[in-house]
Amino acid sequence: MTDAAAQPKRTGRVLRAVGRCCALAIATLLVLPVLPAPWTAVVPAAASPYVAVCSVIAARALGWVALLALPVLVLAFLRPRWFCRHACPVGLLLEVVGWLRPSARRHTPRLPAIGQWLALLTLGAALVGYPLFLWLDPLALFTGFVGAAREPFGVAWLVGAGLPVVLLLGLLVPNLWCARLCPLGATQDLLAALKRLVWRRDAAPSATRRALARRSVLAMGMGAVCGAGLVRRARAAAIRPPGAVDEARFTGLCIRCGNCMRACPSEILHPDVGDHGVASFLTPVARFDHKHCVADCTACTHVCPSGAIRPVAPEQKATVFMGIARVDAELCVLSQDMDCAACVQACPYGAVEPKFDEDTYVSSIAIDASTCTGCGACEVACYTTPKKAIVVTPR
Amino acid sequence: MSRHVSRRDMLNLLGASGVIAGLGVSRAARADDPVAAPRTATGKVVSSSMHSPASVVDGKVVQPQRTLRVAAETDVLVVGGGPAGVAAALAARRTGAKVLLVERYGHLGGLWTGGLVLIVIGMHAKGPDGKLIQVTRGIGEEMMQRLGKVHRGIVNHRLGASPTVDAEALKYVMVEMVAEAGVDVLLHSWCVDAIVDGKTAKGAIFESKSGRQAILAKVVIDASGDGDIYAAAGAEFEHHRFRTGLVHRIGNLDKVDRAKAKGAKPPRGLGGLTPIQGVNWVNMQGPEADGLDVRDLSRLEMNHRRAIWRSVERVRQSPGYERAYLLETAPQLGVRITRLLTGVSRLTYKDSQAGTKFPDAIGVGGPWGRDKVGAWQIPYGCLVPRSVDGVLAAGRCISGELRMADLLRIIPPCFVTGHAAGVAAAVSAKDGCPPRAVEVPKVQRILKEQGAYLA
Ligand SMILES: Cc1cc2nc3c(=O)[nH]c(=O)nc-3n(C[C@H](O)[C@H](O)[C@H](O)COP(=O)(O)OP(=O)(O)OC[C@H]3O[C@@H](n4cnc5c(N)ncnc54)[C@H](O)[C@@H]3O)c2cc1C
Ligand code: SF4
């Protein structure tokens, strides 16, 4: 190799490294709330075509957020794994981790393309509304981790634990994640294969094509079956953020990036740590211990990269139901004739009313199901202790 | 008349100079009769020549124009002797004003005594340092302190708890306090109209066994609970229907034989404890009604009485509760909210939750909650009518949005706003400026000197 040939190659490598570092820095800045617009946290995870394609299919809705994935999608067609090589922040971090163990074997582990299976299973499951492994997207893991740095204590950090696990894996078996596991990398491979199929049918041997087709049909079919099973099993058991899709699909669509929990100014959203079944693990659930979901706030609905939470306009907020308040008359002091109406005063929608039966002379709290949004204002205000007489329950 | 005035003034003097202690409370606190109605010799045949009854003219009942006797002239007239009115009268008197308190019933205390609403809630809140403090203080707290010195006067009077008083003890303590302070009191006197000069109230008209008479005052404090006088004077207000109940007390609950109940749940309608052992007070929400409509009031009184009797019978039929009995129903119907003043300021629920600070704060209300955070300030503007002068509101009829009024009507905020109205009225009378123009910092300073808590 002559010096003249080596020079542009080295310049290219330096440029690529600078570009990747920039991508990492930009992604970090977008997730951390340094920029004035909080919605920027949506960008990194939304840029993943894996998340975008599967969530659009599963949610059966196309919003502007899904369009953010278009550049990476197009590039994946033009240049195989362009995103991995030039922009992926997780890829860069894994490479850096790899340097820590120069002795480790560099070459690709001899394993099947699990990532492709994951991507195809998820795609198939998305068809029935439950994208199984959406949460394994590296950009979602990255968003969860960087975001968790804002509040590293409490259960919220659990949401950020995915990326460290991947990095640890990178330390033990370099290349395993990117080459064999990552569903986003695999999505790019599949897109490249698709391009070959469509434009250069002759380029790939027919046996490879047939294997790919078989794998796709099998994985997507299995995904669809599993997804359908999970959708059927899901119960409406948790109070979700406002604008969340129905519970049956929510746990599938949610990529566990933690954006909504961090966006909430009232800090009522918490990661589920197993209270609502395995499928719900680390998804956001609302708790009304000290604050409620305020009437004019829609913050969390604008930071969801996967469409698990749909954008809500401020004027729609009063019609977006998170749950419904229910009263335990045994605990309610008004029902025991005392002068309490804390929940009535607190309700921003006038949905909680004291009622008095003139025949029996019994007092009670009545909830108007058509206007109660389940915002939790009543639950916060209720005076009974240790258990609240009025609590928000799933609708 | 001069004879009575001088006697009353002497009593005031005694009270003010502290000689009272030496005389012993019961003698010094004996009330004089303040209305100088001309005395009629017993047995003399009289015809009421002064009187001009109504007559029917063209099918309409017409009251002829007439001149009213002026029963009293005073600096501050307080209409209504509930927690707000008594606090206002005491505060105004202690600030140096000549005060007349007019109450339609024969006792003081309003709903706190006559309504048998015995529990006092929302007096405490966590301060900035996280320590629990009492936020509703001043004259109301003084009343409860005195109840503490009286046999069976009050229970649960300690930090963080909700004290419950005995109505009779409180009626007694209030009489002692107003008499000691030298407040002129007219009982059995129902204020029925305002005296106005343009847009300024100059006093009130009241009816009693002594007939229809007038009281002239520099400032009127409307502590009637229903805003009777500010409404009559032409102030704007909101008119609300609200839950209206009737409270009762049950006796002999210390003679209940729980063994007979065989583990069954206690029956409904046992209420909460009072300072008297074996006696509970039982609250009632009641249906929404118009507390300004005498038909509504009459219908509810009758229905509530029947329901209370049935409720106590049900209690008595529960095994072990046979000896319980209906001790009394409240002499006063439980009207919670009727008129709400349209004031210079209007307190909102949002303000209370956000802890909004007001430069003209004259008192603080406390949360009822278990964690006891979030005390809220009450601005002076809530007591001042937007459209008329010469009147201040105090108690449950001051200016606030309805859901806030549901918090403002509770006893502690009532004595807090009463206290503030009393001081402001006295300052207004002394400085010769209308209540809306009083020097608020001066009012705040005096309030603090009198033991009130403002922030
Ligand atoms: C059923 C019920 C339960 C309640 N429960 C609680 C509770 O648990 N805890 C709590 O803290 N608070 C409670 N409250 C609220 C509280 O008791 C009252 O709101 C409070 O006593 C009001 O004080 P006030 O001085 O403003 O008015 P009031 O107590 O109503 O006093 C007004 C006084 O003015 C007199 N008056 C009225 N009109 C005239 C007139 N035209 N001329 C002369 N005199 C007049 C009345 O006779 C009365 O004495 C309850 C109220 C009700 C009705
Ligand atoms: S706040 Fe709680 S105790 Fe009070 S009325 Fe409402 S439900 Fe009942």
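Note on naming: letters A, B, ... go to the chains in the order of the sequence lines (proteins, then strands), and numbering restarts at 1 for each one.
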**Q** Just do the side-chain contact (heavy atoms from CB on, under 4.5 Å) check on Gln345(A) and Leu402(B) with the steps written out, would you?
**A** CA-CA 9 Å; Gln345(A) 292 146 10; Leu402(B) 183 60; over 6 Å; no
**Q** The criterion is salt bridge (Lys or Arg N to Asp or Glu O under 4.0 Å); which residues satisfy it with Asp296(B), sequence neighbours excluded?
**A** Arg241(B), Arg299(B)
**Q** Can you list the residues of residues 406-418 of chain B that sit under 4.5 Å from chain A, counting heavy atoms only?
**A** Asp406(B), Leu407(B), Arg409(B)
**Q** For the atom pair OG (Ser363(A)) and CZ (Arg243(B)), what is the distance rounded to the nearest 0.5 Å?
**A** 8.0 Å
**Q** What are the two closest heavy atoms between Cys340(A) and Gln285(B), and how far apart are they?
**A** N-NE2, 4.5 Å
**Q** Measuring from atom CZ of Arg314(B) to atom OH of Tyr361(A), what distance do you get when rounded to the nearest 0.5 angstrom?
**A** 11.5 Å
**Q** With sequence neighbours excluded, what pairs up with Glu330(A) under the salt bridge (Lys or Arg N to Asp or Glu O under 4.0 Å) test?
**A**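 Listed in chain order: Lys265(B).
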**Q** Minimum heavy-atom separation for Glu358(A) and Asn303(B), please, with both atom names.
**A** OE1-ND2, 4.3 Å
**Q** Less than 4.5 Å to any heavy atom of chain A: does that hold for the side chain of Leu270(B), its backbone, both, or neither?
**A**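 Neither part; nothing is under 4.5 Å.
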**Q** Just jot down the salt bridge (Lys or Arg N to Asp or Glu O under 4.0 Å) partners of Arg258(B), sequence neighbours excluded, or say none.
**A**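 Residues passing salt bridge (Lys or Arg N to Asp or Glu O under 4.0 Å) with Arg258(B): none at all.
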**Q** Report which part of Ile121(B) has an atom under 4.5 Å of a heavy atom belonging to chain A: side chain, backbone, both, or neither.
**A**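 The side chain, not the backbone.
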**Q** Please report the closest heavy-atom contact between Phe356(A) and Pro287(B), naming both atoms and the distance.
**A** CD2-N, 3.3 Å
**Q** Please report the closest heavy-atom contact between Asp339(A) and Arg336(B), naming both atoms and the distance.
**A** OD1-NH2, 2.6 Å
**Q** May I ask you to say whether Arg268(B) pairs ionically with Asp337(A), meaning some side-chain N is under 4.0 Å from a carboxylate O?
**A** yes
